[in-house]
Amino acid sequence: MGLQDYAKQNIMISKFLALTSMPISDVSSDVTIEIGASSFALHKFPLVSRSGRIRRLLIEAKDATISRMNLSLIPGGPEAFELAAKFCYGINIEITLSNVAMLRCAAHFLEMTEEFVQKNLEARTEAYLKDTVLPNISNSISVLHRCECLWPVSEEINLVNRLINAIANNACKEQLASGLLKLDHNFPMKTMPNIEPETPSDWWGKSLSVLNLEFFQRVLTAVKSKGLKQDMISKILINYTHNSLQGLVIRDPHIVRGSLLDMELQKKQRVIVEAMVSLLPTQSRRSSVPMAFLSSLLKTAIASSASTSCRSDLERRIGLLLDQAILEDILIPANSYGNNHGTMYDTESILRIFSIFLNLDEDDDEDNRMRDESEMAYDFDSPGSPKQSSILKVSKLLDTYLAEIALDTNLLPSKFIALAELLPDHARIISDGLYRAVDIFLKVHPNIKDSERYRLCKTIDCQKLSQEACSHAAQNERLPVQMAVQVLYFEQIRLRSAMNGGHNQFFFGTINSQFPQRSSSGAGSGAISPRDNYASVRLENRELKLEVARMRMRLTDLEKDHVSMKQELDQ
């Protein structure tokens, strides 16, 4: 019975096809195609001549006189069907970058293959893809962007993967061509002008920002697997992240914190940041990812409550490159949701970052396998060592950071002390920066316990204070008496050494070599006569003796105060 019905339907379709010799305008429409809210009054015979799906639906219909069909699932909607219908009627349609993906998916849905007629819509769109789209990176990106609203059909016909692979292959070809062009320009025998060739990331990387996050991730994964350089990948990531977060990071003041809209913005930020971190190049001390970008990612990760693994990954990357950081990079605001009395900055994250830098394991560091022998010959503690130079930069950075966070009235002394005690002894040549930070903290937090005040000041190495810092500390009433006495003691040793004309290596010797003091009265200049030089030395000695006398008086007063305070505590 089924075969008989099938034969009858075929006869009916043959009659439809027999009418093709008649002008369309002379035949009234006999079928209405419904797509969403749109409807198209058409003729069955042009449609069944090219569309296998419509032909099958008519054959399978129980009612031979069916006059309405619903094709709402067609990818591209009414716009795609209208172009496909025109094609069925023999009207020439223009295939462009903006509609080729839509038409290719519609042709697949309507089954407009070569089985029914030569050069059907599927073949026409395939030819356009091969000739115009796939060989060109920008065209491939444009068409890939159009595929986002054509899912899942665009995936089913493998169009998305073909476009992504085309982008990756062409990007690597452009990279190779760019490298050859650079070699050609830098070849010694050439006398061509110094023209910097345009890299692939300069002219197509920015266009990737139009893609949604899923497609962007797939493209980046593909180009990485094909061998695109890490610096190019970094540029593309920075540009995409900037464009994606631009409208999310800047909060609307009218949005209430904790509201559904605010939580939705946080979620979007979190998804983007976690995705970008997963795409970053391999962790390395030679990483091409700028410190400022890593810092901004970490700030957004903390603000959006990103996963612990995401934050840890960023903290390690920043720790590996900490000697390249500036103060703004490590001033990371704390996530103070629901806590109005929280600290301004996330000191816990910074503590971990500095610990990572200080505890780098050379044996496990991937870059050490690539270092040349001359670099490996340096000793860590040598003053001229690259690592010693790096740790000195980091120590100055930490002292500057401590001075900044010391202004936070909600910062606990224990948090400040943990950071102040972090660096090893050899990391600081001079302790003036740390002293300044401690002094600011004591000024902003006048009511801290005496035990905390003592432990805080214990982090300062009085032997590494400059003369100006010593003079300030000796008169600083915020410091514990013990520290003031210690400062005066070392200052007395320094003055005695200066009067004797010696160089005390125990105190301040290395500092004087690094930071030479200005000579008063021009002593030591080759232009001064011996008599003038002698008079200058005598005058300088007299001034030093007066200074020692004043210091002794100050020391005596401090010792008396110390004894009286001790007696009061004993009582």
Side-chain angles (χ1 to χ4, degrees), residues 75-76 94-105 125 128-151 154-155 157-179 181-182 195-249 268-269 271-273 275-281 288-290 292-293 296-297:
E94 182 183 5
I95 300 177
T96 64
L97 292 175
S98 60
N99 66 22
V100 63
M102 176 178 66
L103 289 175
R104 177 64 184 85
C105 292
T125 53
Y128 186 87
L129 287 169
K130 292 177 181 178
D131 297 339
T132 306
V133 177
L134 297 178
N136 184 279
I137 299 179
S138 296
N139 291 349
S140 298
I141 294 172
S142 177
V143 175
L144 181 62
H145 176 49
R146 304 281 178 176
C147 289
E148 294 171 1
C149 58
L150 299 171
W151 194 88
S154 57
E155 289 282 5
I157 62 176
N158 203 35
L159 180 58
V160 172
N161 283 334
R162 289 168 63 195
L163 291 168
I164 290 174
N165 289 332
I167 293 170
N169 290 330
N170 289 326
C172 292
K173 288 179 183 177
E174 291 291 343
Q175 176 179 269
L176 180 59
S178 176
L181 186 58
K182 284 184 179 180
I195 301 173
E196 190 68 24
E198 194 177 40
T199 62
S201 60
D202 291 332
W203 63 267
W204 64 263
K206 293 181 179 180
S207 60
L208 288 173
S209 59
V210 302
L211 300 178
N212 64 21
L213 186 58
E214 180 189 352
F215 281 7
F216 178 79
Q217 286 180 278
R218 291 169 64 176
V219 170
L220 257 289
T221 302
V223 295
K224 287 171 70 175
S225 66
K226 296 290 184 179
L228 192 67
K229 291 181 179 178
Q230 290 193 357
D231 59 337
M232 293 183 183
I233 293 174
S234 298
K235 288 180 182 179
I236 295 170
L237 278 172
I238 292 170
N239 183 73
Y240 186 88
T241 306
H242 174 74
N243 290 330
S244 300
L245 293 176
Q246 193 171 22
L248 300 177
V249 174
K268 289 180 180 179
Q269 289 182 22
V271 170
I272 292 171
V273 170
M276 294 303 102
V277 172
S278 68
L279 293 171
L280 288 172
S288 58
V289 184
F293 178 59
S296 65
L297 281 179

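We count residues from 1, following the sequence as given.
Not one N or O on the side chain of Ser154 forms a donor-acceptor pair closer than 3.5 Å with the backbone of Leu159. Under the 3.5 Å distance criterion, the side-chain polar atoms of Asn139 are matched with a main-chain donor or acceptor of Thr132. Of the possible polar contacts, none joining the His145 side chain to the Leu211 backbone as a donor-acceptor pair under 3.5 Å is found. A side-chain donor-acceptor contact under 3.5 Å links Asn170 to the backbone of Ala166. With hydrogens and angles disregarded, a donor-acceptor distance shorter than 3.5 Å links the side chain of Ser140 to the backbone of Asn136.
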(request) Begin from the C-alpha positions of Ile157 and Cys105 and carry the test side-chain contact (heavy atoms from CB on, under 4.5 Å) through to its verdict. (result) CA-CA 8 Å; Ile157 62 176; Cys105 292; 3.9 Å; yes

(request) Assess whether side-chain contact (heavy atoms from CB on, under 4.5 Å) is satisfied between Ser209 and Asn239, documenting all intermediate values. (result) CA-CA 7 Å; Ser209 59; Asn239 183 73; 4.0 Å; yes

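Leu163 pairs with exactly one of Ile141, Asn158, Leu134, Val219 by the side-chain contact (heavy atoms from CB on, under 4.5 Å) rule, that one being Leu134.
Counting all heavy atoms, side chain and backbone alike, Val100 lies closest to Tyr128 at CG2-CD2, 3.5 Å. Here the shortest heavy-atom pairing between Ile236 and Leu220 reads CG2-CD2, 3.9 Å. In terms of heavy-atom proximity, Ala222 sits nearest to Ile164 at CB-CG2, 3.7 Å.
Here the SG atom belonging to Cys147 is positioned 10.5 Å from the CZ atom belonging to Arg104, to the nearest 0.5 angstrom. Note: Leu245 CG to Ile272 CD1 = 5.0 Å, rounded to the nearest 0.5 Å. Interatomic distance, OG1 of Thr241 versus CE of Met276, reported as 5.0 Å (0.5 Å rounding). Note that CG of Asn165 and OG of Ser225 are 8.0 Å apart. Values are rounded to the nearest 0.5 Å. Between Ile137 atom CD1 and Leu144 atom CG the span is 13.0 Å, to the nearest 0.5 Å. Atom CG of Leu237 and atom CE of Met232 lie 14.0 Å apart (nearest 0.5 Å).
Note on residues 212-228: pairs passing salt bridge (charged side-chain N to carboxylate O under 4.0 Å, His left out), not counting sequence neighbours, are Glu155-Arg218, Glu214-Arg218. Applying the salt bridge (charged side-chain N to carboxylate O under 4.0 Å, His left out) test to every pair with at least one member in residues 157-172, sequence neighbours left out, gives these pairs: Glu126-Arg162.
By the 4.5 Å heavy-atom criterion applied to side chains, Leu213 and Ser244 are not counted as neighbours.
For Gln230, the side chain to side chain contact (heavy atoms under 4.5 Å, CB included) partners at least two apart in sequence or on another chain are Pro281, Thr282, Ser288. Qualifying ring-ring contact (aromatic ring centres under 6.0 Å, His included) partners for Phe216, counting only residues two or more places apart in sequence or in other chains: Tyr240. Ser296 pairs by the side chain to side chain contact (heavy atoms under 4.5 Å, CB included) definition with Phe293, not counting sequence neighbours. Qualifying side chain to side chain contact (heavy atoms under 4.5 Å, CB included) partners for Asn99, counting only residues two or more places apart in sequence or in other chains: Leu83, Ile95, Thr96, Met102, Leu103.
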